[in-house]
Amino acid sequence: MKKRILFLMSDTGGGHRAAAEAIDEAIHYLYPDRYDTIIEDLWKEHTPWPVNRIPDAYPWMAGPGVPMWKLMWAISTTMQPLPHKFVFPGVSPVLRRRIVRYFQQTNPDLIVSVHPLMNHLGVRLRDKAGLSTVPFMTVVTDMVSVHPTWICPDVTLCTVPTNPARDLAIHWGMRPEQVVVTGQPVALKFSRISADKVELKRQLGLDPDRKAVLIVGGGEGMGPVFKIARAIAQTASQAQLMVVAGRNRQLKTQLDAVDWEIPTKIFGFVKNMPELMGAADILVTKAGPGTISEAFIARLPLILYGYIPGQETGNVTYVQERNAGILAEDPQEIGQLVRDWLGDYAPLLQQMTRNAASLARPQAVLDIARHMHDLIEAN
Ligand code: UDP
């Protein structure tokens, strides 16, 4: 009989679902017909209104709400005892009962959390559901700046994307033997990107002779994507543009209405990010961990136009220290950088392309799947 794996996540941004789906694909790829898998947005599907709407505030938190987010991050990482320790007692009995019932109905052989808010709660409710012998694994999807909510020493195993993330996990209370550095889980399709950039450009209807700049604002199309696209179009006349608005419909409408100075393709939420990255020569993005890790695999140097203070702060340092990209928050400056990198500073661009490629960990998602399999086998 097939064993069952339950993924706990929530759609705050695009990264958590992308990670769960990437691992899901890897486990079926490595162990065909061995596992049934369920990816569950525990928050949206199992909490009552208005609690189930809280994840919808994420784009606001990452935009106009940044000062409040910063404050919350500072309090939640410095107060003692850490405030999330009170979250479990604060969860209403109705809510707990619902989730416990769901765990009992699902009866998983392994629980995998890919979200910072699913660890403490997940472990406690697993135990309440009478499933304490079921292994629980945390897959941290923040590259460097791991928030303490990710860290629950009662889990069986915790994987992290980088060495600095492992150090922080141990700092927040994990035992060293519980934490494994695997890299960020990225969908296998990124490791299958064709190396033929010119052909990929043709397939996407781009000009095969022009360097292409891809702009992505995470799954939600966050940040000054419109201003950046306009600045590049007006400054870097040798470039062509691909702009991904993600789920941000307003941004897509705004971009569609422009008469562009350089060849430009506008996309909404895309399913073919590997092809877009494969065709691109430079990626301009917010410092989302998923997008950055995908860019490394696609050998793409980065211009980071912004980051969510807290969980994405360390990503900027990680990229800059390894000279795989640069932080530039002003759209005009980004336009000039693109113009220079595609002109006089071409050797710098080539060096950064090599550096980005050296940070790629395409095997990470397979390693994570192997750890999951081992946990189930050992139980
Ligand atoms: N993404 C996608 N289609 C889009 C925009 C984004 O598939 O149109 C994916 C992107 O490839 C990445 C994820 O959404 O896997 C975004 O994750 P990241 O961690 O970079 O940022 P978040 O949106 O979680 O803040």
Side-chain angles (χ1 to χ4, degrees), residues 9-26 39 41 55-63 65-66 69 114-117 139-147 150 161-162 165 183-193 204 214-223 225 229 242-249 251-252 255 265-280 283-298 300 302-316 318-319 325 360-362 364-365:
M9 49 77 66
S10 183
D11 275 316
T12 46
H16 300 293
R17 184 172 290 277
E21 287 177 350
I23 304 167
D24 187 32
E25 184 196 4
I39 298 178
D41 187 332
D56 295 344
Y58 182 75
W60 178 84
M61 278 292 202
V66 156
W69 183 255
V114 294
H115 196 281
L117 298 182
V139 177
V140 174
T141 61
D142 284 336
M143 262 174 85
V144 178
S145 315
V146 179
H147 189 273
W150 275 110
T162 61
Q184 184 88 6
V186 169
L188 292 171
K189 56 188 180 179
F190 283 89
S191 40
R192 298 179 189 134
I193 298 175
L204 288 166
L214 173 63
I215 312 179
V216 183
E220 311 293 337
M222 287 186 274
V225 171
M242 292 182 275
V243 192
V244 176
R247 295 191 190 85
N248 188 337
R249 292 220 185 98
L251 172 63
K252 166 97 170 40
L255 290 162
K265 295 237 175 262
I266 310 295
F267 303 91
F269 190 88
V270 299
K271 290 271 178 201
N272 62 340
M273 192 61 86
E275 281 81 8
L276 266 52
M277 286 197 181
L283 176 65
V284 182
T285 178
K286 88 172 180 71
T291 308
I292 292 177
S293 308
E294 291 160 4
F296 292 158
I297 298 174
L300 269 182
L302 297 148
I303 297 178
L304 302 174
Y305 65 72
Y307 58 94
I308 303 175
Q311 74 266 38
E312 289 180 357
T313 306
N315 304 356
V316 176
Y318 190 84
V319 167
R361 297 198 65 160
V365 73

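For clarity, every value in this text was computed on a predicted model and none was experimentally measured. For ligands, and for the atoms within them, numbers begin at 1 and follow the listed sequence.
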Exercise. Go through the structure and list residues passing side chain to side chain donor-acceptor pair (under 3.5 Å) with D142, not counting sequence neighbours.
Key: W150
Practice problem: Run down the list R17, M273, E21 and name the one with the heavy atom closest to atom 6 (C) of ligand 1. | Solution: M273
Quiz prompt | Non-hydrogen atoms of G314 and S145 that approach each other most closely | solution = N-OG, 2.8 Å
Quiz item: Backbone or side chain, does any N or O of F190 fall under 3.5 Å from an N or O of ligand 1?
Solution: no
Exercise. Report the part of P289 in contact with ligand 1, treating N, CA, C, O as backbone and CB onward as side chain, heavy atoms under 4.0 Å; options are side chain, backbone, both, neither.
Key: both
Practice problem: Kindly write out the residues that satisfy salt bridge (charged side-chain N to carboxylate O under 4.0 Å, His left out) with K252, not counting sequence neighbours, or none if the list is empty. | Solution: D256
Quiz item: How close do I297 and P362 get, heavy atom to heavy atom, and via which atoms?
Solution: CD1-CA, 3.8 Å
Quiz item: Nearest to atom 11 (O) of ligand 1 by heavy atom, M277, E220, M222, E294: which?
Solution: E294
Quiz item: Would you find more than 12 non-hydrogen atoms of other residues, nucleotides or ligands less than 6.0 Å from R192 atom CZ?
Solution: yes
Practice problem: Please identify which atoms of ligand 1 are closer than 4.0 Å to at least one heavy atom of G218. | Solution: 5 (C), 6 (C), 23 (O)
Practice problem: Could you tell me which atoms of ligand 1, counted from 1 in the order shown, lie closer than 4.0 angstrom to a heavy atom of V270? | Solution: 2 (C), 3 (N), 4 (C), 7 (O), 8 (O)
Quiz item: Which of the numbered atoms in ligand 1 are below 4.0 angstrom from a heavy atom of K286?
Solution: 21 (O), 22 (P), 25 (O)
Self-check item: Student check: side-chain heavy atoms of L304 and I292 closer than 4.5 Å
Solution: yes
Quiz item: Which heavy atom in V139 sits nearest to a heavy atom in P185, and how many Å separate them?
Solution: CG1-CG, 4.0 Å
Exercise. Would you mind telling me if ligand 1 is within reach of the side chain of T291, the backbone, both or neither, using heavy atoms under 4.0 Å?
Key: both
Quiz prompt | Minimal non-hydrogen separation, G221 against L251, with atom names | solution = O-CD2, 3.7 Å
Exercise. With heavy atoms of G268 as the reference, note each atom of ligand 1 found under 4.0 Å away.
Key: 8 (O)
Practice problem: Would you mind running through ligand 1 and noting each atom that sits below 4.0 Å from a heavy atom of A18? | Solution: 15 (O)
Quiz item: Mind checking whether G290 has an N or O less than 3.5 Å away from an N or O of ligand 1?
Solution: yes
Quiz item: Any N/O of G15 closer than 3.5 Å to an N/O of ligand 1?
Solution: yes
